[in-house]
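Data first, discussion second: the structure below is written as structure tokens.
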Amino acid sequence: GGGTGLGGGAALEDAAANQGLTVRAYIVDQFRKLSNAYRAGADKGTGARMHGSGRSDAREYHYKQVCAALEHLSDSPDWAELEAIGTQRHGVGGKTIAKLRELWDTGRLGRVDEFSNNPEQVARELLIKVHGIGQSRVVELVRQGVRTISDLRQRTDLSPQTSIWLKYHDQLEQPIPRDHIGEVRDRIGAVASRIDPRLKAIACGSYRRGKMESRDMDVMLILRGAGPGSTEHLEVMARIVPELHADGLLTDDLTTPGKFPQFGKKTAARVTTPSVVQAENSIAYMGICIVGGVHRRLDLRCYPEHQEAPALLHFTGSGDFNRFMSRAANARGFTLSELGLQPSVIKGPAERVPSGPHLELHSEAHIFEILRLEYKDPSERRDKIDVIDSTTGRPFFQTRESRTALPALTDTSRLQAHHPAAIT
DNA sequence: AGGCAGCGCAC
DNA sequence: GTGCGC
DNA sequence: GCCT
């Protein structure tokens, strides 16, 4: 390829330097902007049916893969290194290489400029950060003229969850210091063991991945001794949330913790809807707590002990890592979720159905082992390229050769021989 | 041409 | 069932 | 947008 002539890549180096970034960081930033733009419905906001309209989700996904690949470049890649990822990295194709070439030659991406010069697109990317405003609502709100958070506050048709979240908008945007999350876990753990001494609290999410700061708090409760068939863990949320309000930790609920809305005074849900009945047995809680005088988002979930390993894996993330690990599981003939791991097969169009029992999972490492994936410490679970095929030692989604399901492992009888206590 | 993770909760 | 969050 |  060209670009190795005099001054090749100078425009790119200048653009990066102007922002105080390495060339790699600048390139990743540009593609991350594309991913964010498509998440915010970049090709859905305009009435004109442009080419590719309606593929926002897939493109967001695509550009996330591209960012993962680009993260593995050197600080100052030459053109040969950039071009090489087109053949070396799964998910990077011709259009992406063309965009890299555009960056190399001009230091800019026309598509990014297009988006940042479009006030409606800028508004969509701002407003989609609000809790409860997703791609669908943001497109409609912006179409109706909403441009700023202030505009949004004027609306009378916001969901209760969105209204609550907006009350603390500025505080919720602030990063949470690591220490605060450990403190909240301990407070929840103390309250939990008063309710039932079998309960233990574990902080997951980016905290467990070792980050010094987090965007929210993710705490998991495990009911020790609870096995398959037990439903006791479903009653925990309705009992503990009122206690956490009384303790002064919780200030607002974004989900209904149970059938006692009088305890969660500011609960977002109404009293008589079917969802409240359903919420009697909820395993997932989302709310707002206050630590060190600052309001923070808190997610709380409760699982029986036999689901500890898959739940821990799932809620430790990252989200991208989960998606690609699940895809790897599918390719191996399994379905993976926070509830467990079980053999499954494709049946008909777009339908995957279980073909065997949930396996007994002793630990996170056990899950990696069954799937023949290299164990990754929580701090190493970042993206697609961290999902490693342990039979080759290479990223699961990097080779072009097709992979086969694991014959020995999709054979359920043999599986149960290896793991005699498979769970139905 | 179909798939891109899989689930719980609000509505 | 759709929208949303994780 | 890319893979199968």
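By convention in this document, chain letters (A, B, ...) are assigned in the order of the sequence lines, proteins followed by strands, and residues within each chain are numbered from 1.
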Report, one line per pair, each donor and acceptor closer than 3.5 Å where one atom sits in a side chain of residues 121-134 of chain A; sequence neighbours left out.
unit_1, atom_1, unit_2, atom_2, d
A:Gln121, OE1, A:Arg124, NE, 3.2
A:Gln121, OE1, A:Arg124, NH2, 3.0
A:Gln121, NE2, A:Ala37, O, 3.2
A:Gln121, NE2, A:Glu125, OE2, 2.6

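- No engagement by A:Gly205 is indicated, since no non-hydrogen atom pair under 4.0 Å with the nucleic acid exists.
- Counting non-hydrogen atoms under 4.0 angstrom, A:Thr96 reaches the backbone sugars and phosphates but no base.
- Among the heavy atoms of the strands lying under 4.0 Å from A:Ala284 are primed sugar atoms or P, OP1, OP2 only; no base atom is included.
- Cation-pi geometry between A:Arg327 and A:Phe397 is satisfied (NZ or CZ under 6.0 Å from the ring centre, within 45° of the ring normal).
- By the side-chain hydrogen bond (donor to acceptor under 3.5 Å, both in side chains) test, A:Gln154 pairs with no residue at all, sequence neighbours left out.
- Using a 4.5 Å heavy-atom threshold, the side chains of A:Leu336 and A:Gln342 count as separate.
- Atom CZ of A:Phe397 and atom C1' of B:dA5 are 10 Å apart (whole Å).
- Checked against B:dG8, D:dC2, D:dC3, the side chain of A:His90 finds its nearest nucleotide in D:dC3.
- Heavy atoms of A:Arg215 sit nowhere under 4.0 angstrom from any nucleic acid atom.
- For the pair A:His314 and B:dA5, the criterion of a side-chain N or O lying under 4.0 Å from OP1 or OP2 is not met.
- OP1 or OP2 of D:dG1 sits under 4.0 Å from a side-chain N or O of A:Arg59.
- With a cutoff of under 4.0 Å to any heavy atom of chain A, the contacted region of DNA chain C is bounded 5' to 3' by C:dG3 to C:dC6.
- The side chain of A:Arg327 lies closest to B:dC4 when the candidates are B:dC4, D:dT4, B:dA10.
- Heavy atoms only, all atoms of each residue included: A:Val387 and A:Ala328 are closest at CG1-CB, 4.0 Å.
- Minimum heavy-atom separation, A:Ser344 to A:Thr335: OG-OG1, 2.8 Å.
- Scanning residues 60-69 of chain A for heavy-atom distances under 4.0 Å to DNA chain D yields A:His62, A:Tyr63.
- Taking the ring axis of A:Trp165 as reference, the NZ or CZ atom of A:Arg297 does not stay both within 45° of it and closer than 6.0 Å to the ring centre.
- For A:Thr256, a side-chain nitrogen or oxygen approaches OP1 or OP2 of B:dA10 to under 4.0 Å.
- What separates CG of A:Leu158 from C1' of B:dA10 is a distance of 15 Å, to the nearest Å.
- A heavy atom closer than 4.0 Å to some atom of DNA chain C occurs in A:Val130, A:His131, A:Gly132, these being the qualifying members of residues 125-132 of chain A.
- When the P atom of B:dA5 is taken as reference, atom CG of A:Asp57 falls 10 Å away, rounded to whole Å.
- Salt bridge annotation for A:Arg382-A:Asp386: present, with a cationic side-chain nitrogen under 4.0 angstrom from a carboxylate oxygen.
- Residues that satisfy the salt bridge (Lys or Arg N to Asp or Glu O under 4.0 Å) test with A:Lys347, not counting sequence neighbours, are A:Glu351.
- Both the sub-6.0 Å distance and the 45° axial angle are not jointly satisfied by A:Arg55 relative to the ring of A:Tyr38.
- Residue A:Gln161 places its side chain closer to B:dA10 than to any other of B:dG6, D:dC2, B:dA10.
- As judged by a 4.0 angstrom heavy-atom cut-off over every strand, A:Gly319 is placed among residues making no nucleic acid contact.
- Remark: A:Asn330 is in phosphate contact with B:dG6, judged by side-chain N or O atoms under 4.0 Å from OP1 or OP2.
- Checked for salt-bridge contact, A:Arg187 and A:Asp247 meet the test: a charged N lies under 4.0 Å from a carboxylate O.
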